[in-house]
Undergrad: 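Pasting a structure below so you can have a look.
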Amino acid sequence: MINPTHGSRKPMDGDSIRSSFIRFFEEREHLHMPSASLIPAGDPTLLFTSAGMVPFKPFFMGEQTPPRRRLTSCQKSFRTTDIDEVGDHKHLTFFEMLGNFSIGDYFKQDAVAFAWDLCTGLFGLEPERMYVTVHLDDDQAYDIWHKEIGIPPERIYRYGNSDNWWGPAGLEGPTGPCSELHYDGGAEKGIGQHRDTDEMMPPDELTALLRREADEGIPADPGGCHPNCDCERFVELWNLVFMQFYQDLDGVRTPLPAPSVDTGMGLERAAAVLQNKPNVYETDLFRPIIDAVCRLTGREYGADAETDYALRVVAEHARAASVLISDGVVPSNSERGYVLRRIIRRAIRYGRQLGLDGPFMTEVASAVIDRFAAAYPALDENRDFIRRVVGIEEERFAETFERGNNILRNILTTTPPEDLQLISGNDAFVLYDTYGFPPELVDEIGRREYGLSVDMDGFNAEMEAKRERDRAGHQVTGSMEIVTAYENLGAGNTAFDGYYQTSIESRILGILRDGEAVGQATRGQQVEIVLAETCFYAEGGGQVGDTGIITGPNGRVQVEDTQSPVAGLIVHRGKVVEGDIALGDAVTGQVEAERRLDASRNHSGTHLLHAALRSILGPHVRQAGSLCDTGRLRFDFNHVGAMTSDEQLAVQSLANGKIRENLAVTAHETTYADAVREGALAFFGDRYGDVVRVVRMADSDSDANGHGQADPFSFEVCGGTHVHATGQVGTLVVLGESSIGGGMRRIEAITGRAAEELVVQQSATLQAISQKLQAPVHELEARLDAYMADTDALRRRLADTERVGLRAEAESLLGRVRDVDGVKLVASVTSANNVESMREMGDYLKQKLDSVVIALGAVIDGSPMIVTMVTPDLVGRGLHAGNIARDSAKLMGGGGGGRPETAQAGGRQPDRLGAALDAVSGLVRDGLKG
RNA sequence: GGGGGCUUAGCUCAGUGGGAGAGCACCUGCUUUGCAAGCAGGGGGUCAGGGGUUCGAAUCCCCUAGCCUCCA
């Protein structure tokens, strides 16, 4: 495609845009930070990494020190807001964001100059096609662009807060104006009224309109074209955020002492501009994927709009899904996994539209991996895993489809045709809400096979009602009183010094009783104690809190649990068991050491398990939670499906091998950033402060800082207590593996003393069984099989014998047929020991007597039971087995019922069974009259 | 985190308080060598688990677990 307006600038492919951008800033003293995972580390409030600055948030917030004040990165980013828009030619879920960052280093002047140099120099973009936007009030930025760079006023536009103000992210934090660079694709790119008209709205006019909007609330209604206009003439290429203020909870802004800069340029958009392509899907970042989809479908891109839309959906979602999976997201029913599932299913839906009925996503994923493996090697490393996950999800969707399809057909075929004009919104909604069957598919099938379409308005109304309901049920309540009670103690942070010792000298800084601060406590009272420093480990990181004794000059406290209700503060919960204690007492804390060691063994066990799981199942395994109790351990992680027993054994075997190797367990403190850089595993959900502790398990010939010759077997950020060498764990026995929800698994295991105990118990059980069965352990199974076969045979013989006996009894009953008004009646107590037998007897009698009323009774497990039968001809004459059963059972304190031909009844008075059966003849007589 | 649904034979599923079923698969026999072979017979069940209501629960109610699904 040749566009004569673009001069001689030569196109750049996506990979060179990425690398040359980074190099440009490296040459200007920026440190290149590798892309962080799409799963934000240490920020539970965020679903995905959604912009280049996200991983650097702690730097901008001043919580952590950056490795350098100038940073640059190409960050993988994912946004959920536009999922349903993907398919048009501008929206994306996954994209790469190029950026340069100044953390209290340079500010507007340099940021603007860098951006301009890069665009016009490195990228070779024509200066006259560059438009600039600044905030209404940011005269400083305006002047830099105008006076220093030399942009003429007619290409500098001012906008208000919605377009050109950033932040704060959350309720408080850094915030400031931004300035954007827009690229003018030419008037012919515009759509609607602005197409092919060179007329732009003059900046001054727009500024006046927006100023009135900001000051007087008069909505601006610009008539002409401008950079942020909806017509597609302009591409927003680069956003420069100037973090100038700190905004507090009340909305008050104070200038930051060292302002910062955060910029972001979408790689895909840059590629579209630099390759002279009309949109991102035509660039080399997407074309190979779209071509792969075309090969699978035999379709052609660019032939018709509907096909193109579907091709783009499949390509975009396959790309996003592959990267998400590579970063450890697995499809599930909530949160990240749910987003992943949605995009995979949306892709499959559009794939169907392209005629792909079978599985195809794995092949598209392969094309994605091929295209991006060079820039993101993790994609290639996880190739098999990505394909597997996508494949499983594809199968699962096929099941969902099958189920929904059956239900839909049921609805459509059971509703009388005259009632069916439209498929109701409610039906479509139930199919979607309960069975995950998309309304578009309902519509498709309805139209094709029944000539009916879905009432989409009704569907949307149901959907909106559901959203309302969910919102209403989402009110959160938090009790802050307890927290303030601790804060009011004024004890500050408790120093923890318990990694290498279990006893300590300290003094009492605070005592709480029933949530109230008190000066002292006496024997028998339940208290919470805060010490200046402690060796008691507070529950955290899945490990249980310590127990032990605190001894003061005048008394002792039995510590039953240790908790950290407020970050930094450690509280000992327990009971004064001797004398009394008071504020300021000098005390000795003594942790119950053996119990602590049990917990430590289990905690080290989880690290071994974690590393072993990653080794056996793959690096997507990610800790989702854990419990390190004294008796056992639990480890939750994400994985696609159940582990096979072979996998479980392999994991157990690997962990035990490392235990026998007796790896040294060492710990050191470092910054969070360094820990991650050194390769320590850090997991979502934990809140890590500036300084973190990392625990590694490795051969002792590598040093304590994680720089050994060999890679450590395990290396994790962790604040828990551990054994000193893996040998102390003893043995790790996996007890089982189970599901804890979609995509999440749980392993339970024991170590050390508990493992020994298990071996002792199990062999004791085996010995006991061996004695009872009179067979050595290795023959137990065969012996048990023989016993079971014997029992089976005996059971059959017994059943046969019973049947013969009952048959004989039934035959004898043939001689006791009575006549009630011309109807044959058999009513008798039997020796049957279950209802089934009585039914068999009844069947036999019915067969022999042809036309008869039968009422058989027996006392079964202490309760009187009656079975009644009426042959069809007599039912025709007004008799009803159910009524006979019910009415006769009343005489023995019960009730009954059933069908006209067969019924049963029970009661509470066994001695009245005879009376109840005697009443049957009367009931038959009454029934014949009625 | 919240809502809806499901859990019955190896598999797919029927079964609205009164005899646990069908199709497929499996086993045996016969028949037959050609497309889901046919015929006859047979084995196989903690109706997810626990509690409750009832003379009686797969069925109604409550709790728990697992799975599916939608929303956040």
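Computed from heavy atoms alone, side chains included, the values below leave out hydrogens, waters and symmetry copies. Order of the sequence lines sets the chain letters (A, B, ...), proteins ahead of strands, with each chain counted from 1. Worth saying up front: this structure is predicted, and the values here are computed from it rather than measured.
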Undergrad: For A/Asp843 and for A/Gly893, find the nucleotide of RNA chain B with the closest heavy atom, then tell me which residue's nucleotide is more 5'.
TA: A/Asp843
Undergrad: When you measure only distances, ignoring hydrogens and angles, does the side chain of A/Arg886 come within 3.5 Å of the base of B/G18 through a donor and an acceptor?
TA: no
Undergrad: Counting heavy atoms from C-beta on, name the nucleotide in B/C70, B/U69, B/G18 closest to the side chain of A/Lys466.
TA: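 For A/Lys466, the side-chain atoms sit closest to B/C70.
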Undergrad: Check this for me: does any side-chain nitrogen of one of A/Glu840 and A/Arg807 sit under 4.0 Å from a carboxylate oxygen of the other?
TA: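 Salt bridge absent between A/Glu840 and A/Arg807.
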Undergrad: When you measure from the side-chain N and O atoms of A/Gln904 to the phosphate of B/C55, is any distance below 4.0 Å, counting only OP1 and OP2?
TA: no
Undergrad: Using Watson-Crick or G-U wobble geometry with both distances below 3.5 Å, tell me the partner of B/G66, or none.
TA: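 The answer is B/C6, by the H-bond criterion.
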Undergrad: Has A/Thr434 got a side-chain N or O lying under 4.0 Å from the OP1 or OP2 atom of B/C6?
TA: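 No, because none of the side-chain N or O atoms of A/Thr434 sits under 4.0 Å from OP1 or OP2 of B/C6.
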Undergrad: Taking atom CD of A/Glu462 and atom CZ of A/Phe459, what is their separation to the nearest 0.5 Å?
TA: 9.0 Å
Undergrad: Is there a Watson-Crick or G-U wobble partner for B/G29 with both distances under 3.5 Å, and which nucleotide is it?
TA: B/C39
Undergrad: If you measure from the C1' atom in B/G43 to the same atom in B/G4, how many Å do you get, rounded?
TA: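 Pairwise C1' distance, B/G43 against B/G4, rounds to 39 Å.
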Undergrad: Would you say A/Arg908 reaches B/U54's phosphate, i.e. side-chain N/O to OP1/OP2 under 4.0 Å?
TA: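 Checking A/Arg908 against B/U54: no side-chain N or O falls below 4.0 Å of OP1 or OP2.
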Undergrad: So what does A/Arg839 hit on the nucleic acid, given a heavy-atom distance under 4.0 Å: a base, only sugar-phosphate, or nothing?
TA: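 Base contact.
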Undergrad: Measure CG/A/Asp636 against P/B/G66 and give the value in whole Å, please.
TA: 11 Å
Undergrad: In Watson-Crick or G-U wobble terms, both distances under 3.5 Å, what is the partner of B/G1?
TA: B/C71
Undergrad: With heavy atoms under 4.0 Å as the rule, sort A/Gly898 into base, sugar-phosphate or nothing.
TA: base
Undergrad: Counting only side-chain heavy atoms from C-beta out, which of B/C70, B/U69, B/G19 sits nearest to A/Met463?
TA: B/C70
Undergrad: Quantified in whole Å, what is the P atom distance between nucleotide B/C39 and nucleotide B/G23?
TA: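 B/C39 and B/G23 have their P atoms separated by 11 Å.
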Undergrad: Calculate the interatomic distance between A/Met865 atom CE and B/U54 atom P; express it in whole Å.
TA: 16 Å
Undergrad: Using Watson-Crick or G-U wobble geometry with both distances below 3.5 Å, tell me the partner of B/G18, or none.
TA: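 Paired with B/G18, as far as the under-3.5 Å criterion goes, is B/C55.
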Undergrad: Just one of A/Arg342, A/Arg346, A/Arg345 clears the side chain to side chain donor-acceptor pair (under 3.5 Å) bar with A/His317, so which one?
TA: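 Looking at A/Arg342, A/Arg346, A/Arg345, the match for A/His317 under the side chain to side chain donor-acceptor pair (under 3.5 Å) is A/Arg346.
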Undergrad: On RNA chain B, does the nearest nucleotide to A/Tyr435 precede the nearest nucleotide to A/Glu836 from the 5' side, or the other way round? Give the residue.
TA: A/Tyr435
Undergrad: For nucleotides B/G21 and B/A58, find the distance between their P atoms and express it as a whole number of Å.
TA: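 Going atom to atom, P in each nucleotide, I get 13 Å.
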Undergrad: Can you list the steps and then say if A/Lys848 with A/Glu811 is a side-chain contact (heavy atoms from CB on, under 4.5 Å)?
TA: CA-CA 9 Å; A/Lys848 290 283 178 192; A/Glu811 273 168 16; 5.9 Å; no
Undergrad: For atom P, what is the distance between B/C27 and B/U54, given to the nearest Å?
TA: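 My reading of the P atoms in B/C27 and B/U54 gives 48 Å.
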Undergrad: Is there a side-chain polar atom (N or O) of A/Arg467 under 4.0 Å from OP1 or OP2 of B/A72?
TA: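 Checking A/Arg467 against B/A72: at least one side-chain N or O falls below 4.0 Å of OP1 or OP2.
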Undergrad: Check the distance between B/C70's P and A/Ile83's CD1 and give it to me in whole angstrom.
TA: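 A/Ile83 atom CD1 is separated from B/C70 atom P by 12 Å.
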Undergrad: Regarding B/G5, can its base be found pairing with the side chain of A/Asp433 as donor and acceptor, where the two atoms are less than 3.5 Å apart?
TA: no
Undergrad: Salt bridge between A/Lys890 and A/Asp887, side-chain N to carboxylate O under 4.0 Å?
TA: yes
Undergrad: Check every atom of B/G5, B/C68, B/G19 against the side chain of A/Arg396 and return the nucleotide holding the closest atom.
TA: B/C68
Undergrad: Do A/Thr871 and A/Asp873 get their side chains close enough for a donor-acceptor pair, meaning under 3.5 Å?
TA: yes
Undergrad: If you look at every strand shown and take non-hydrogen atoms under 4.0 Å, does A/Ala889 touch a base, only sugar-phosphate, or nothing?
TA: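 Touches nothing.
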Undergrad: Which value, in whole Å, describes the distance between the C1' atoms of nucleotides B/C68 and B/U53?
TA: 30 Å
Undergrad: Using atom CZ of A/Arg336 as one end and atom P of B/G1 as the other, report the distance to the nearest whole Å.
TA: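 My rounded result for the distance is 14 Å.
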Undergrad: Would you classify A/Arg345 as touching base, sugar-phosphate or nothing, given that sugar-phosphate means primed atoms plus P, OP1 and OP2, and contacts are heavy atoms under 4.0 Å?
TA: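 If one applies the 4.0 Å heavy-atom cut-off, A/Arg345 turns out to touch the sugar-phosphate alone, with no base involved.
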Undergrad: Using the ring of A/Phe78 (Phe, Tyr or Trp, six-membered ring only), decide whether A/Arg336 places NZ or CZ under 6.0 Å from its centre and within 45 degrees of its axis.
TA: no
Undergrad: Could you tell me how far B/C62 sits from B/G5 if I compare only their P atoms? Round to whole Å.
TA: 11 Å
Undergrad: Can you tell me the distance, in whole Å, between the CD atom of A/Glu840 and the P atom of B/G19?
TA: 14 Å
Undergrad: Mind calculating the distance between CG (A/Asp861) and C1' (B/C55) to the nearest angstrom?
TA: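 The distance from CG of A/Asp861 to C1' of B/C55 comes to 13 Å, rounded to the nearest Å.
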Undergrad: Mind checking the C1' distance from B/C6 to B/G15? Whole angstroms is fine.
TA: 15 Å
Undergrad: Mind checking who B/C47 pairs with, Watson-Crick or G-U wobble, both distances under 3.5 Å?
TA: none
Undergrad: Taking CD1 from A/Ile407 and C1' from B/C68, how many angstroms apart are they, rounded to a whole number?
TA: 11 Å
Undergrad: Give a yes/no on whether any side-chain N or O of A/Arg899 is located under 4.0 angstrom from OP1 or OP2 of B/G17.
TA: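 Indeed not, no polar side-chain atom of A/Arg899 lies that close.
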Undergrad: Ion pair present between A/Arg467 and A/Glu464, side-chain N to carboxylate O less than 4.0 angstrom?
TA: yes
Undergrad: Name the closest nucleotide to the A/Arg403 side chain, picking from B/G19, B/C68, B/C70.
TA: B/C68
Undergrad: In this structure, how many angstroms lie between the P atom of B/C70 and the CZ atom of A/Arg349, rounded?
TA: 10 Å
Undergrad: Suppose you measure atom P in B/G38 against the same atom in B/A25; what distance do you get, rounded to whole Å?
TA: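 These two P atoms come out 8 Å apart once rounded.
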